[in-house]
Amino acid sequence: MARTLDTPRPANPAAERPGPGRRFRQSAGRQHHAGPLTYALLVLAAAVSLFPLYWNVVAASHTGERVVAAPAPLLPGPRLLDNLTFAWNQVDMGEALVNTTIVASLVAASTVLFSTLAGFAFAKLPFRGRTMLLSLVVATMTIPPQLSVIPLYQIVTDLGWVDQLQSVVLPSLVAAFGVFFMRQFLVEALPVELVEAARMDGAHSLRVIWHVVFPVARPAMAVLGMLVFVQSWNDFFWPFIALTPDGNPTLQVALAGLGAGNHSVDHAIVLTGALISTVPLLLVFAFLGKHIVGGITAGAVKS
């Protein structure tokens, strides 16, 4: 019986087809470009987000009667400078800006510092009762702030701090949300081996925090600081109770006295004051937004 020569088998098409992982690796280096639909959605989202700010400028440039008239104005008017001058002089807007900047800066700095220290302790330091203490800290987030107003005001009154900035700063030095936020970030971002290596090199606790914890936590600290700064800048409930418009008002307390007349409220002047209080936040985002986004991006990249 004659032997047949071995012929090469045909290639298996399934074997030659790259798998999902291989396809992903091949396309990982490619640069994907957004299509027209993506740009259209981004433009629409930007327009919807910026329209309230635009209409605030429009309302601040008209009279109060024109603002509440129907249909509402959609184009700027001629009274923007007059309304800005009137709003600035009706209440001490300059002092309110300085007070709000001091309060928001101190609250943001203290919250970031104490939250980072507490978050590092809850995330990487083993001690008895750590889980129970963290649960108690998180549980305080469920308590409405209105429940603590009466005892807090009694303490402020006994200390003689009514109408003083420390009555607004000291109760807000640290927040449970900040502690939980930093703890969740450091659990994943800070390897325990890095802390142990620093201790083996002879670093004490303060040096470990300064040279190891703070550099790793910088992206989360920037985000937390911005969130707390904006929240403290816009806070109205407790400052309106602890401060007075004629004493040391913050911006939100000063805005409560804007536009008040004999029998009506001038909504154009109120919106002009709101515009004045919004401009500093826009400047902060304009100057620091790039650094904050860069820090978030740097912290999100893993080797």
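- Both Val223 and Leu190 sit in one connected hydrophobic cluster of ILVMFWY residues. Membership requires side-chain heavy atoms under 4.5 Å apart, directly or through other members.
- Nearest heavy atoms, Val216 versus Ala189: CG1-O, 3.5 Å.
- Cluster annotation: Val228 is connected to Leu170 through the hydrophobic network of ILVMFWY side chains, with a link wherever side-chain heavy atoms come within less than 4.5 Å.
- Residue Asn83 comes nearest to Ala60 through the heavy atom pair ND2-O, 2.6 Å, listed as atom of the first residue, atom of the second, then distance.
- The CD atom of Glu196 lies 12.0 Å from the CG atom of Asp201; values are rounded to the nearest 0.5 Å.
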Verify side-chain contact (heavy atoms from CB on, under 4.5 Å) between Thr116 and Val213, making sure each step is shown before the conclusion.
-> CA-CA 8 Å; Thr116 304; Val213 178; 4.3 Å; yes
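- Contact of the Leu224 side chain with the Phe177 side chain is registered, since non-hydrogen atoms from C-beta on lie closer than 4.5 Å.
- Annotation: side chain to side chain contact (heavy atoms under 4.5 Å, CB included) contacts of Ser105 (sequence neighbours excluded): Thr101, Phe229.
- A single hydrophobic cluster is seen to contain both Val138 and Leu125, as judged by linkage of ILVMFWY side chains at heavy-atom distances under 4.5 Å, directly or through other members.
- Side-chain contact between Arg79 and Ser61 is absent, with no heavy-atom pair separated by less than 4.5 Å.
- Shortest non-hydrogen contact noted between Ser49 and Pro52 is O-CD, 3.4 Å.
- Hydrophobic clustering of Ile, Leu, Val, Met, Phe, Trp and Tyr side chains at less than 4.5 Å, counting indirect connections, keeps Val253 apart from Ile269.
- The structure places OG1 of Thr272 at 10.0 Å from CG of Asp82, a figure rounded to the nearest 0.5 Å.
- Atoms CG and OG1, on Leu227 and Thr111 in that order, are 11.0 Å from each other to the nearest 0.5 Å.
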Any chance you could lay out the side-chain contact (heavy atoms from CB on, under 4.5 Å) test for Leu136 and Thr140, step after step, and finish with the verdict?
-> CA-CA 6 Å; Leu136 291 176; Thr140 59; 5.8 Å; no
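- Environment of CG in Leu283: crowded, with over 12 heavy atoms of neighbouring residues, nucleotides or ligands closer than 6.0 Å.
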Side chain to side chain donor-acceptor pair (under 3.5 Å) between Thr250 and Asn99, worked out | CA-CA 6 Å; Thr250 58; Asn99 291 340; over 6 Å; no
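- Atom-to-atom distance recorded for Ile276:CD1 and Leu84:CG is 5.0 Å, nearest 0.5 angstrom.
- One N or O on the side chain of Asp163 and one on the backbone of Asn248 form a donor-acceptor pair closer than 3.5 Å.
- Residues Val284 and Trp233 form no side-chain contact, since every pair of their non-hydrogen atoms from C-beta on lies 4.5 Å or further apart.
- Using a distance-only test at 3.5 Å, with no hydrogens or angles considered, a donor-acceptor pair links the side chain of Tyr54 to the main chain of Leu74.
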What's the verdict on side-chain contact (heavy atoms from CB on, under 4.5 Å) for Val149 and Phe237, showing C-alpha distance, side-chain angles and the deciding distance?
-> CA-CA 10 Å; Val149 168; Phe237 181 69; 3.2 Å; yes
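- Between Phe127 and Phe122, the two ring planes are tilted [angle within 30° to 60°].
- Distance check: Met221 CE to Phe181 CZ gives 11.5 Å after rounding to the nearest 0.5 Å.
- Applying the under-4.5 Å side-chain rule to Ile, Leu, Val, Met, Phe, Trp and Tyr, the cluster around Leu147 extends to Ile143.
- For Ala59 against Ala268, the heavy-atom pair with the smallest separation is O-CB, 3.7 Å.
- Trp55 places no side-chain N or O within 3.5 Å of a backbone atom of Leu50 that could act as its donor or acceptor partner.
- Note: the hydrophobic cluster containing Leu275 also contains Leu282 (ILVMFWY, side chain heavy atoms under 4.5 Å, direct or indirect links).
- Residues Trp238 and Val156 form a side-chain contact, since some pair of their non-hydrogen atoms from C-beta on lies under 4.5 Å apart.
- Counting only heavy atoms from C-beta outward, the side chains of Val107 and Asp235 never approach each other to under 4.5 Å.
- Here the closest non-hydrogen pair linking Pro76 and Val58 is N-CG2, 4.0 Å.
- Within the 4.5 Å cutoff, side-chain heavy atoms of Val174 are placed close to those of Ser115.
- Take Thr85 and apply the side chain to side chain contact (heavy atoms under 4.5 Å, CB included) test, not counting sequence neighbours, and it matches Asn89.
- A pairwise comparison of heavy atoms in Ser172 and Val168 identifies OG-O, 3.5 Å as the closest pair.
- Put simply, the side chain of Phe285 reaches to within 4.5 Å of the side chain of Met226, judged on heavy atoms.
- The aromatic rings of Phe214 and Trp210 sit perpendicular to each other, their planes meeting at more than 60°, with 30° as the lower class boundary.
- Separation of atoms CG (Leu194) and NE2 (His211) is listed at 12.5 Å; rounding is to 0.5 Å.
- Surrounding CZ of Arg207 are at most 12 heavy atoms belonging to other residues, nucleotides or ligands under 6.0 Å away.
- In terms of modelled atom types and a separation under 3.5 Å, the side chain of Lys124 and the main chain of Val195 share no donor-acceptor contact.
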Take Met93 and Ser277 through the test side-chain contact (heavy atoms from CB on, under 4.5 Å) and record every step on the way to the result.
-> CA-CA 9 Å; Met93 196 68 71; Ser277 66; over 6 Å; no
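- Environment of CD in Gln164: crowded, with over 12 heavy atoms of neighbouring residues, nucleotides or ligands closer than 6.0 Å.
- The closest donor-acceptor contact from the side chain of His62 to the backbone of Pro78 lies at 3.5 Å or more, if one exists at all.
- No side-chain donor-acceptor contact under 3.5 Å links Gln166 to the backbone of Trp161.
- Within the 4.5 Å cutoff, side-chain heavy atoms of Val103 are placed close to those of Ser232.
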